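Numbering of ligands and ligand atoms starts at 1, following listing order. All figures in this text were calculated on a predicted structure; none of them were measured in a lab.
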Amino acid sequence: MYKVPKKSNTNLARSIRKREFSYVDRQKASKPTPLSEDDWKSPRSEDSFDLLDPSNSSKEPTTSSRPLPIPTIRPPEVVIQIDEVDSPILGLIDESDDLHPDVFDESRRGRLEPSSSIDANSLSATRSSSVIEDDVRSQISFVMRERLHSIAKEVHRRTSAVREDLIRETPEDTVSVASNIPKQSEHRPSLMSLIGLQNRAESPSAVAQKKLFGFSLKGTFHPYGRFYMTWLSLVTLCFLYNAFCIPLRSSYPYQTTENWIYWFMVDYICDAVYIIDMLIIKPRLRFTRGGIQVKTLADTQKHYLMTRTLKLDILSILPTDFVYFAVGKKPIYRMNRVLKINSFWLLFDMLDNSFANPYAIRIARTLSYMIYIIHCNSCVYYKLSAMQAFGQIAYLENGKWYLNKWVYNNQGNAYIRCFYFTAAVATSTGNNPAPTNVIEYIYMTCSWMMGVFVFALLLGQIRDIVSNANRNREEFQRKMDLALGECQKLGLKQETTNRVRDWFIYTWQQQKTLDEKKLIEKLPLKLQTDLALSVHYTTLSKVQLFQDCDRALLRDLVLKLRPVIFLPGDMICLKGDVGKEMYIINQGILQVVGGDHNEKVFAELMQGAVFGEISLLAIGGNNRRTASIRAKGYCTLFVLAKEDLNDVIRYYPQAQAILRRKAAAMLKNDKKSDEKTEKIKQQAELEDRCKINPRQVPKLITLIANMEEMNENKGVRDLKKAIEEETDKSRRQSIYYPWSTLQRDDEDEEEWNEEDLSSVGEDTDIEPMENHEGPMDDDVDPMEDIDLAAEVSHSDEDDDWEKPGSSGTKKLHAD
Ligand SMILES: Nc1ncnc2c1ncn2[C@@H]1O[C@@H]2COP(=O)(O)O[C@H]2[C@H]1O
């Protein structure tokens, strides 16, 4: 590195004159090289500086003073191309601390400030420092460029790597383009990945965490994750055990001196669960702050410390059992364990949110409240009965002694009997015995009050839940009844009415709603897209037409799809209609049909196939349907309206091209097969018209032969013979050969015919027909045959019978 000489300004100027500085070969970054004799003067060397000096303004620049050439070696050009990746360049440039700080500082500042008072010394110092500064600056510039160059290279390398990663399809993305309809077992591309919504690859730590069922001591849990749900269920189970068993064991005699150890074991297992929950699990629960989920352990721990749940958790696990040492093993002192009720509520909330059909969960929760209230009440009732010796102590009323009939008499299963009594009182359904003392009166009053208010409330809730669950069904039923009523009012045919009913029933079975779109239109667009994607995933992943298209296009399109249901035999579109929609088959089979009565089936379309795009995209300049489509069975289709497709596709010119190309290919195929069918049809028609009935074929010949009968000669005899043989043969084989157009399978036959007939023609001197006079067979119209033959000769270019003199058939025709 070049060092700035630390000398006084005068010395510095002198040393400059004495060529005590060097320049750096910038390109090679080599060691400083001493300047040559000729090169030492810079443009700002003495003479040139003198010009600047007002005191020397009169001086003429000497011719000998040659400016010192600045080495013209330039650092290589650096082209920095940064795309798609956040560039670390700026940061790196700032960190260029291998440059001399002063140097770097100067280079940043640019030129040195010109001194206001210029004396000779300071001027020469300025000159020299300016030269050095120049040199240093260019040196810095070179170093920086070098640095930038390497950074740019590095950035470029990383960009390419990232781009490649993005472009490279994951194995999930790999899709078989070869097969039109993917097999069931085929691994389909994830549509989420197709449209770029796929989750990022999980880090190895995340994978390891998954292996441990989502648990990691260092990690945090998602409150709706599987691990926490399972754990919460366990905590809730412990809570329910405490909530039910503590009152039970405190009132009924179910905890005895023999079995208390088992009860205690279960108690302390539950306590252990409570403690683990409080110390390990809850502090790791993620939470949302400012709309962002906080995942850091330190933060989640802090958060838990601030919550009310922690206080309740601490209260619920307070070791109140120590009271046992003072008062004996009375489980009622563990009643603080029910403060864990938060877990119970949380579990039900989560289940409620997780299930598609949460009505059962809601009913279960409400019922559990009712059961718990009755359970606790029954414990109180049993306790009251026990206090009154189960009705064995007589009491005096109106001068008479009675046994207390209100209390439980200690017969049968205590819990069931008491539970029954309490349930009957609470719901006011039983014919209960009258209370006999103040305590019993208070108990009964409380029970009825509870029945009237709490139970009424809970039962009302259950009613709401059930009616909500049925509301959709009722709404559907109402709409169907309305539609059917309308059909009847309009006097439609029974068949049509039945079809309307069929449509309603099938739609309900498939969608459980009549208007799927309405359900999601209140959601934000992003959610709508995600939802629509997950719903239409299976179908769209099979649509070949879209698989080469832009991913964003799919995302846009999916929102525009509208499901429709067709019944068996429904015509979805008719050939020649103007195409306004295209369809994707979600379920069912459709047929491409043609013919006068749509009796011909050209192709069958299955799930994932797309149709109606040809007229929609006006391929071939035609916006009319090129074929009719019929539903074979019940079909669910997604409809994409022309406006919607246009709206979306105009932003994706590439996709437009792909769609057009695919549709054009299909159209071409159709045209080919149409032409083929047409050709076959024409040929069949022709064949039909040219058929020669063995009895009729020889009519013309017979006629000629008959006419020649008078002057019978050998030729005529031969002709007759040939005709007879031919007729016999034809009869035998029952094959009607066309005269001309159709190729005959049997070449020998043809040869024979031709040879034979041509010989006949040669031997006999048959005159042109117009020269013949005489009766003509009514059944025979020789002109008809001739016309037909002429027609055929025009219609079929391949026929060689037209060539003069090539065959007997041709001769016959000529005759
Ligand atoms: N041979 C075929 N196989 C599959 N689909 C076809 C065939 N012929 C026509 N279609 C589809 O039937 C649709 C009828 O309406 P379009 O002409 O708009 O677009 C047509 C094609 O999508």
Taking only heavy atoms of [X] into account, list the atoms of ligand 1 that are under 4.0 Å away from them.
| X | result |
| --- | --- |
| S615 | 16 (P), 17 (O), 18 (O) |
| A627 | 9 (C), 14 (C) |
| F611 | 11 (C), 22 (O) |
| L605 | 4 (C), 5 (N) |
| A603 | 3 (N) |

Counting only heavy atoms not in Y651, do more than 12 sit closer than 6.0 Å to its OH atom?
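No - once you tally the heavy atoms of other residues, nucleotides and ligands closer than 6.0 Å, there are 12 at most.
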Kindly check if the number of other-residue, nucleotide or ligand heavy atoms within 6.0 Å of NZ (K642) is above 12?
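Correct, the count exceeds 12.
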Quick one: does G612 get within less than 4.0 Å of ligand 1, heavy atoms only?
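Contact present.
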Report the residues that fulfil side chain to side chain contact (heavy atoms under 4.5 Å, CB included) with I589, sequence neighbours left out, ordered by chain and then residue number.
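With sequence neighbours excluded, I589 shows a side chain to side chain contact (heavy atoms under 4.5 Å, CB included) to E604, M606, K632, given in chain and number order.
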Tell me the contacting part of T626 for ligand 1: side chain, backbone, both, or neither, using a 4.0 Å heavy-atom threshold, strictly below.
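Both backbone and side chain of T626 come within 4.0 Å of ligand 1.
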Fit a plane to each ring of Y583 and F566, take the angle between them on a 0 to 90° scale, and name the class: parallel (under 30°), tilted (30 to 60°) or perpendicular (over 60°).
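Plane angle over 60°, so perpendicular.
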Drop me the distance from D352's CG to R362's CZ, to the nearest 0.5 angstrom.
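Atom-to-atom, D352:CG and R362:CZ are 4.0 Å apart.
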Would you say the side-chain atoms of W503 pair up with the backbone N or O of I565, donor to acceptor, closer than 3.5 Å?
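Yes; at least one donor-acceptor contact below 3.5 Å.
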Polar proximity ligand 1 side, C573 side, N/O cut 3.5 Å exclusive:
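It does not: no N or O of C573 is found under 3.5 Å from an N or O of ligand 1.
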